[in-house]
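Below is one structure, written out as structure tokens, with a few remarks after it.
Every value quoted in this text rests on a predicted model; they were computed, and no experiment measured them. In what follows, residues are counted from 1 in the order of the sequence shown. Reckoned from all heavy atoms, side chains included, excluding hydrogens, waters and symmetry mates. Just follow the structure's listing: the first ligand is 1, and inside any ligand the first atom is 1.
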Amino acid sequence: MLSHWRSSSTYEVEDLLHYKDLIPRLEVALRKFSKLDSAEVIQPVRTTVPLQKYNGFLGLMPAYLVHEDILCTKLVCFYKRESGSTLPSTQATVLLFDPEYGNVKAVMDGEVITAKRTAAVSAISAKLLMPTKSDVLTILGAGHQALSHYHVFTETFSFKEVRVWSRRKETAERFAQSTQGHVTVWESVEEAVNGADVIVTVTGASEPVLFGQWVKPGAHVAAVGACRPDWRELDDVLMRQAEVYVDSREGAVAESGDIILSGAKVFAELGEVLNGTRPALREKTTVFKSLGMGIQDAVSAKLVFEQWKNKH
Ligand SMILES: NC(=O)C1=CN([C@@H]2O[C@H](COP(=O)(O)OP(=O)(O)OC[C@H]3O[C@@H](n4cnc5c(N)ncnc54)[C@H](O)[C@@H]3O)[C@@H](O)[C@H]2O)C=CC1
Ligand SMILES: O=C([O-])C1=[NH+]CCC1
């Protein structure tokens, strides 16, 4: 009960958190979150504190899963970085509490949790919404999320071709080399997404980088960046022509510039599709607009803690 585990490192969390365990738990959490009458999940919309001087935000992401008795909060700073900056664009710490006593049970590095749980939720969206025959995956962006998305998408699905684009060609080339897979580097977004079945946008952009006219009808887009009401990754054409799925409706209408500024309607939460209360329109062009939720961090942190206890 009072066991404390202070300051796990990035490497420890990396070693303890695996997609095969994480994905089923995230699916359960998404289902519970989207049940209309659910009192099982308590998760206020993220509070953000602007850090204007540094072009960034501090996000506070508390969540309580009543049945599982998981009380957790993530503290995450995220920034808009200039091209060529070597500073990290996201840094996070996760606190896991004992809900009965209020003491902190564990303090964990939040970067791996953020990278893996976000990519795992995108993989869940793709499993539900991508075309039945999906051969080509394009990743736009070549940072931390790009790498975690590459890993989970290639572990979970069998793409024949994986492409990457980044603002700077050298970054995309470094990314391709680091995967040791068969990733091809493309110099323009238009060419990189031409014919792609699945497109992952994981950029720090605040203006659209992906335009609807370039996207193959029926493709699935997992849009992970642009998590502020005035930031965009996707243009109006794409947002209006696609069926839009989200992790949380409440979060999406408060935080997603792609949804707010395009006026696009949210068709469903992923949890509603998992619950069978809204359909997966796989044959249509679909966008999953991801913003990230505290419950995703909470189930990840619980999993890391369990794995750690098994080893000690
Ligand atoms: N939906 C969610 O749950 C989460 C979303 N994010 C967001 O995902 C995005 C990627 O995060 P990380 O991979 O950690 O960042 P990163 O800094 O590791 O990588 C960002 C990538 O975007 C590119 N980029 C930056 N500005 C750009 C611009 N104006 N146009 C085109 N490309 C640009 C960079 O060159 C780099 O390839 C960020 O927007 C971040 O805020 C991060 C964590 C969770
Ligand atoms: O869910 C998350 O951790 C974040 N969403 C946007 C930046 C960080």
Original post:
Got the residues with a heavy atom under 4.0 Å of ligand 1, by chain and number?
Top reply: S89, T90, T114, R117, T118, G141, A142, G143, H144, Q145, W165, S166, R167, V202, T203, G204, A205, V209, V224, G225, A226, C227, S290, L291, G292
Subject >> Note, F159 side chain near S134 side chain (heavy atom, < 4.5 Å) >> reply: yes
Original post:
So does E269 pair up with R278, basic N to acidic O under 4.0 Å?
Top reply: no
Original post:
K127 and E27: which non-hydrogen atoms are nearest, and at how many Å?
Top reply: NZ-OE2, 2.8 Å
**OP:** With the side chain counted from C-beta on, respond yes when Q307 and H18 share a heavy-atom pair under 4.5 Å apart, and no when they do not.
**Re:** no
For ligand 2, which of its N or O atoms have a protein N or O partner closer than 3.5 Å, and how long is each gap?
from	atom 1	to	atom 2	distance (Å)
ligand 2	1 (O)	R46	NH1	3.0
ligand 2	1 (O)	R117	NH1	3.3
ligand 2	1 (O)	R117	NH2	2.8
ligand 2	1 (O)	L291	O	3.4
ligand 2	3 (O)	K74	NZ	2.6
ligand 2	3 (O)	R117	NH2	3.4
ligand 2	5 (N)	R46	NH1	3.1
ligand 2	5 (N)	L291	O	3.0

**OP:** Pick out which of K35, R31, R249 makes a salt bridge (Lys or Arg N to Asp or Glu O under 4.0 Å) with E272.
**Re:** R249
**OP:** Please examine the side chains of L26 and Q296, heavy atoms only from C-beta on, and report whether any two atoms are closer than 4.5 Å.
**Re:** yes
Subject >> Full working for side chain to side chain donor-acceptor pair (under 3.5 Å) between T285 and Q241 >> reply: CA-CA 7 Å; T285 305; Q241 79 192 10; 5.2 Å; no
**OP:** Hey, could you give me the CZ/CD1 distance between R117 and I124, rounded to the nearest 0.5 Å?
**Re:** 11.5 Å
Original post:
Less than 4.0 Å between a side-chain N and a carboxylate O, is that true for K302 and E68?
Top reply: no
